[in-house]
Each structure stands twice: as C-alpha cells, then as structure tokens.
J.: 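Let me give you the structure first, and then I'll get to my questions.
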Amino acid sequence: MLRAAAAAAASFPVRFAAAPAVAVAEEVRSPLLRVFGTLRGGRSSVLGRRARFCSSSSGSDSEAAAAAAEAKAEDVVAAEGEAEGKASSAIVSTNPRPEDFLSVIALPLPHRPLFPGFYMPIYVKDQKLLQALIENRKRSIPYAGAFLVKDEEGTDPSIVASPDSDNKSIDNLKGKELLKRLHEIGTLAQITSIQGDQVVLLGHRRLRITEMAEEDPLTVKVDHLKENTYNKDDDVIKATSFEVISTLREVLKTSSLWKDHVQTYIQHVGDFNYPRLADFGAAISGANKLLCQEVLEELDVDKRLKLTLELVKKDMEISKLQQAIAKEIEEKISGDQRRYLLNEQLKAIKKELGLETDDKTALSAKFRERIEAKKDKCPPHVLQVIEEELTKLQLLEASSSEFNVTRNYLDWLTVLPWGNYSDENFDVHHAQQILDEDHYGLSDVKERILEFIAVGKLRGTSQGKIICLSGPPGVGKTSIGRSIARALNRQFYRFSVGGLADVAEIKGHRRTYVGAMPGKMVQCLKSVGTANPLVLIDEIDKLGRGHSGDPASALLELLDPEQNINFLDHYLDVPIDLSKVLFVCTANVIDTIPNPLLDRMEIISIAGYITDEKMHIARDYLEKNTREACGIKPEQVEVTDAALLALIENYCREAGVRNLQKQIEKIYRKIALQLVRQGVSNEPAQVAVIATSSEEPTVGGSATIAKDDNMKNPATEDAATGNSIIDPAPEEAKEVPLTEETLVTEPTLSMDKLSTPQGNKDTEEAKEDAADKAVEKVLVDSSNLDDFVGKPVFQAERIYEQTPVGVVMGLAWTAMGGSTLYIETTKVEEGDGKGALVMTGQLGDVMKESAQIAHTVSRAILRDKEPDNQFFANSKLHLHVPAGATPKDGPSAGCTMITSMISLAMGKPARKDLAMTGEVTLTGRILPIGGVKEKAIAARRSSIKTIIFPSANKRDFDELAPNVKEGLEVHFVDTYSEIYELAFQAETETS
C-alpha cells in the first residue's frame, strides 16, 4: 500500500504479494484504468484482470494455501462484483463473509486510520486483548474493528507527540473510557498474521460503532457502511478523479518512493473504481490523521474525491519544495567542490610556472621581510634564534602541530620592535603645558616628570624609571599616566593587575602548552610598536596569589632597573631589553604591596583635592567636557559657583573627583532633557536641495543645490501656504543632473519664486519668529541644586560647636582621604577601686592598645597636675568613637584619647576649634604619623582653625601647597605636656 510509501515508510511497513493470475472471461477496459495506467512510466496498461491483494509470507505453505483459497473464491467474488456494479474487490474472500460480523473487538489506532485494501501492522501490549485476537483467529473469526484514537482535549493536533507517550496513555484505558477516545467510524480489518505482539491488519470495509458489547477486551456492535450511490458517468466525478490521477502523476515525478509503491499496488489491485481511487490517494498522502479520518468517514464519493484531491495537492506542493531544497543544497555543494578543485588546479599551475610558492616558502619570505627592516637594530642572539626557527620551519610538514607552534613563535619574534625607539620630546615647557592642560594640581607628580625630562635632555637619552602613584580613588592616578606619555611623546599602554593570580600573565606560558601566549609586556611591545613606551600598571596593590605562583614576585624582575635589561619571557625564551620603558604604577594604599616590590618603586603620594582645587577642576575640566558631551551650548546653561560649592560640600566630599564628575553629568543630563522638552535642537544645519521642474519634465534636466550659511535652519515654514521657503545663495549654487532618484518636495518650488521680493520677505519674517522664540537659559544655583541631584548626602562632620567635657576632635586618614572624628569619654560607675576602661566603636587591635596606653598616661598626667584627684582610680570609664558601623584602627588617635580622658577627669572642656593627631608613648612622647595633607584638608572642611601635629611631621606640612595651609594655626609638639597647655591652659585664658 502507498501509505507504506509516504507515512508508513517510517512506522508502517506495508507488504504486497502477487496472487496467481486468474483467467477471466473478459477484460474490463475502464477509461479510468487506462488513464491511471500511465502512472507506470507512461505506458498504456490494461488493468481489468482480476487480481487478489494479500499478504506475503516469504514462500511458506501459507502462501500456497492463500493462493488456493483465492482460486476457490474466484467465482464468488466475480458474482458479487457484478451485483455491486462490477466494482470488484481485491479483498481475500473468507467464510463466513465479512458483512456477517456485527460484533467485533475494537483495536485503537494511535497514528493513522486504516483504509480498505491496505495493510497496517500494530503492536498490542495488552496480553488479554492479544490472546482474544489469537483465539478468534483460531475459531475462523479473523476480523476486528480498527478505529482511530481521538486527540486528548486541550492538545494541539499539529504538535507531534511522542509515540511512546501515546501508546502508554491508550494502553491504560479500558471499557467506556477507551470507547470515548475512539472515532465512531473505522474499518473492518482482517487479521492476517500475529507474530509476538505485532498484529498485521488488512482493511475490508467501513464500520460505525453503535454500542459497546463487552468492556475487557473492548467489543463493540457495528453497522457496515457502503458508499452512497453515484453516477459513474457524472462529469464532475470523472473530472475530479482525472485531476487526482494527474496530481499523483506529478508527485511521482519527484518521489521515487511513491512510484515504487504505486506500481506494486497497481499490479495487485483489480477493478480500480472511483471510491477505491479516493481511498488510495488519501492513504498514500502525508496528511495528518484527522484529515485522513475525514476521508474515511465520507460516504459521498464526489466529496471523498474532492477531499482526497486536496490532500494530494498539498503533498505535491511539499514534494516541489523538497525538490527545490535538494536542488539548492546540491548546487551549493557542487559549486564549493568545483571551486575547491579549480583553486587546487590553479595553485598547481602557478607553482609549475614559478608564479607562486608553497605556504612554507611564503611564510619564510614574510618573516624574513619583517626582520630585514630591523636587522641592524636586532640583537645577534635574536637573529640566531630566528634563523634556526626558519630552517626548522622548512623541514616540518604543514599539517603537523609543531609547524603551527613554530609559525606562531616566528610571528611573535619578528613582529616585536627590536631596537625601535620613538623620538622623545625633552621640551620642559611643552611638557608643563600638556600636564597643566589635563590636570589641575598634582604638583608633586608634575615636578617629578619634569625632572625626568630635564635629566634626559642633559644626557641626550632617557632611562626607564618605575614610579608608583599612591592615593585614594578618583584623584587622577590613571589619567595622569596618559598625560605623561603625551608630554614625553611616548606610546601609552595600560594593563591592570588587580586580582591577577597567574604568573604566566606576566612571564608568559611555555611554548609546549596548547594555546600558549607571551606575557603582558611582550603583548605591550607588539601593540605599541616601540621599545620605549610608557606602561601603566594599574591596581598594583591588589595583586592576587594562587596555585599558579606569586605574580608579585614575577614583577620583581620586570620592575627592577638592574634586571629588566634582560627580561626573559617564558614564551619567547630570548632576553628583551626593557630598560628604556617608563613604568608608572598606581595603588590606593602601599601597605599591601610586598616590601621587595615596594623597594623598587619611587612612591609619589597624591593626597586628594581640597575644596578650592575641586572648584577649579569642576569649572575648568569636568563641567566643560560634560557640557560638550551632552551637546549643550554655553549660552544655554549657567551653573553658579555657589551650586558647585554646595555640590562639593554636600554631595562629593571624597578625596577624588570621580563622584563629582558623576554628579555634574547627572545635572547636565537633566538640563538636556529640559531643553529638548522645550523644543531646542542643536543639530547642525543640513544642506538644502531644491529641484527646479516645469510642467513637462525633459530628459537631461537639472536641479539646483543652494546653501545659506547665515541661516540657523535651512528651511522655515510659511504660515500661509505651509511650503518650505529657502533663501539661496547664488554664488554657492551649482547645477547637478536631475535624475529619477532626486527628491522633490511637494509642491515643487522654482528658483524664480524663491527670488521674488515676497519670498525674501517671508524668509525674513521666519527668521524674526525664530529669534523671538529663544529658549530661556537654564540656571543651576544652590537653591535649586536638589532638583537636579536630589537631597544632600553628607551632613556637617562637626557635631559640636563647642565640644563638651570628655569630647575631643581628632583627625583620621582613610583610603578615601582624610576625615575628622570625635573621641567621647564618659563615667559609667564610681566607687573605691572601680577604675576600669570600656571601649566601643568597632576599634581595631592597634586602636585598643592606644586606648589602654592613653588611660595609663592620663592617670600619670592627672597625678602630676592634681595629686589629690582619684578620678581614674575610682571611676569606670566608657570610651566611644562615633560612626560605630565603620571599622577603625591605627595609633594616631592616642593624644586625642588622652585629652578626652583628662577633660572628663578635670571637668574642663578642651579648646574650641581644636583638632589633633599623633601617637603617644607611655612616657608621653609624641611620634610622627602619616597622611598630613589629608588630615589638614579634613580640618579645613570642618572649619577647624587650630591643629596639633607631631614635630616630626613639620617637614611634611611645610611641603603642602599654600592654599592648603592657608587659615590654619598649626602647632608642632614633642610631648603631651605641650598638648595639655594648648588644649586646657589656652581655653582657661580664653574663658
């Protein structure tokens, strides 16, 4: 059967067996058969002879028995054929007759319905049902009803479900549940064979279920259905059947699978009438089961033929699409193969003629050409390695892995800038100008770079240096590196080592590893193309350490001026001279940098910016760049100094200016949105194109292009007519050919109209209207600043206008810069021998030790000043440092703690507007501290006028810029007794 050709090719194998030819009295030469006979290669064929369509059993005795049974039933079938309008059947005749069975076992068909005259194998998993079928067959009742299973409710029939899941759900149904899932109309099927759980069915005629007879196995009562009577000579039926045959012929041209099965079917089917033709077309089609079920249920022959015609038409379109896809793929594959063969032939011809060399020779020539240009500057040991590798390359096969390793190695060796140095600019004034253009302040860094340039100018050449810029985030450490490279006229390369845990990133991989690569420095030299770049190593204080080694140790060779003259990369395995490279490293803190690495670098601290410096940076750099980036013109916005000051004081107190830049960008983004909502557009003016045309366009016409530089908008709108009016500049107009692609606005304006006085007048009026519609300038002041950046983030660090008893202000250093903090001490409990100290505020171990030392020193000072005062001996004290959520540590708060305790013990407040910092020993000596500039900036921000520093820090303070020291009264002390005089005696005199 032909469904065995299309759908059954996957799951329903069909078997055909030829019955012995039986001589008949006459041959029926049907016109339909003659037409359908052309399906077999176009030869006319007479198919009127009676034949039997049955299953084969590979030459066994059952085949002979079946043939004998067919021979005996020949006359019966012939008589029945004449009684039914000579519509003979290809079904094997049995006794009793099929129409005598009015109650049959119901077999569910999960995939497709069974059509009369077609075989279908099914698998019966229910052993009880299988046993019943076997018993019926033994009792000469080899018939059952085959009914298609309905789709479950809520499922999409277009989606193909898993066959296993369908079978499992059907096998679990029994009785009435199974009956509800079966279509009412099915096929009476003859059980031709049973092998294991496989049952082969042969369709006979249509059935309709009337009622259920038994539940397990499901047995139903049925009515036998016949086709409605029809007129064989009806023109519509003939035309429809001929179209079905014609369509099948087209399908056969594109599907060899169908062709084989059709020929087999035609050889074994007897009288091929119209109903059988409709069943045949539907059975072999690739339509889904519901459409095939519609054909099975249709008893009107005309309608059945039309339904079948729709199905085979769809199959024909699918076959054509399949053929087109196959042709496209075949052409593509054949084209690629043809192109490949031609290319190979072309290579062979060129090689024979000496026009082209092979890949190895071409590679060698390329590498030799690279190294030839720098042969005089390349070190001899490198040239020797290159020659050895080139020789080895010629001996290797191009398909070997070693060939690719050698090729990549030569590629890196020859591409490096051996001895190629960029011309440096030793002009100190030029360098000063560039550094000042890019950065405000940073005098220490700029001075060091100018010193480097001055030394190079005097020596005539420069040597590499290792500079480490240390400071809080956002102070310009990374950006200053790019400015230094520009000032020196060096190439700039940056890479970050933050979190780096693999030594191979610095020193490279061994060439024996798959995917081996050189280290960062070799990649840097290849990228910049010179041997004396400025290399910025970012975040050197955040180096990691993993199982692949210690990168900090690998950097020792790279950053040591005595070793990097012969830096050895693991991949290249030849020494590289890095002595001319200027290394600039950046770090937030230097405490985490290993001492051997720190010893090789020159540390330049960048403390941060005070308010005045931030004002200059915001006004001269940040605001200008942000305004240009947002496309806003200077006359459209004004940000007052008061607004910038409030922004710095209340939103951006960090040591750097990165957050300040973000806030300024936020302001200008809101200004841009406000301007756009008002209808402002700063887009550049477009060139206006006007095409002059007449009523009858002629070939070779022209268009005029006019441009007016004095107009802000190239076209304005005439209020009366709505036409675009443009004032052309005659001296700038030029003729261009008018083609079909020229865009002409409707209605078209001619040059004559534009040059009229009325046109000029309209243009002037439009200009005046545009000028009157000027947008009001956006003003950003301290009063409306929160409308742009929200509520203030920072409040005043100064909590007390006059510090109470037991409270003293100290100065601290953080990674974000300097800050002020209060030390508060209060009495918790009093009694003989109750002297003790409790500390809170998330203090670190060092700070806790400082508090204990301060408590001991305070008792000694109080005993010296007031011998009769037993406060510390009889009082339990509680020392607290506010901002308890912030961890704090360090020794510099010692003198502040002592002052707080003595203030509480003596009942005297410390001096107003006083802040101090310094580590104290048990003997009362004041030791130096770090972060002098940051702490001075923090004091200025909190309006502190008097500061106490250790005497050893006087040199650090003297190096500060005048604007940082301005307005500060600084006292430098060696012992705490000096602090006592400044904090309490001065306060007493003031009182």
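Only heavy atoms go into these numbers, but all of them, side chains included; no hydrogens, no water, no symmetry mates.
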J.: In terms of ring plane angle, is the pair H878 and H880 parallel, tilted or perpendicular, where the classes change at 30° and 60°?
T.: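 The rings of H878 and H880 stand perpendicular, inter-plane angle above 60°.
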J.: Is a donor from one side chain sitting under 3.5 angstrom from an acceptor on the other, for T611 and E649?
T.: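 E649 and T611 do have a side-chain donor-acceptor pair below 3.5 Å.
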J.: Could you pull out every donor-acceptor pair under 3.5 Å between side chains of residues 592-599 and any protein atom, sequence neighbours left out?
T.:
residue	atom	partner	partner atom	Å
T592	OG1	D541	O	2.9

J.: Would R911 and E969 pass as an ion pair if we require N to O under 4.0 Å?
T.: yes
J.: Measure the spacing between CD of E849 and CE of M839 and express it to the nearest 0.5 Å.
T.: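 Rounded to the nearest 0.5 Å, the CD-CE separation comes to 10.0 Å.
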J.: So does E829 pair up with K834, basic N to acidic O under 4.0 Å?
T.: yes
J.: Assign the ring pair Y440 / H616 to parallel, tilted or perpendicular, where the plane angle (0 to 90°) is split at 30° and 60°.
T.: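 Taking H616 first and then Y440, their aromatic rings lie parallel (interplane angle under 30°).
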J.: Ion pair present between E602 and R448, side-chain N to carboxylate O less than 4.0 angstrom?
T.: yes
J.: Got a second to check how far I823's CD1 is from T896's OG1, nearest 0.5 Å?
T.: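 Answer rounded to 0.5 Å: 6.0 Å.
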J.: Looking at F567, does the NZ or CZ of K507 lie under 6.0 angstrom from its six-membered ring centre and within 45 degrees of the ring axis?
T.: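 Geometry flag: set, cation within 6.0 Å and 45°.
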J.: Is the shortest side-chain N to carboxylate O distance from D436 to K446 below 4.0 Å?
T.: yes
J.: Is the H971 to F949 ring centre distance short of 6.0 Å?
T.: no
J.: Can you measure from CG (L660) to SG (C652) and round to the nearest 0.5 angstrom?
T.: 4.5 Å
J.: So, R955 and E959, do they make that salt bridge, N to O below 4.0 Å?
T.: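 Yes, R955 and E959 are salt-bridged.
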J.: What's the spacing between H855 NE2 and L877 CG if we round to 0.5 Å?
T.: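 Rounded to the nearest 0.5 Å, the NE2-CG separation comes out at 5.0 Å.
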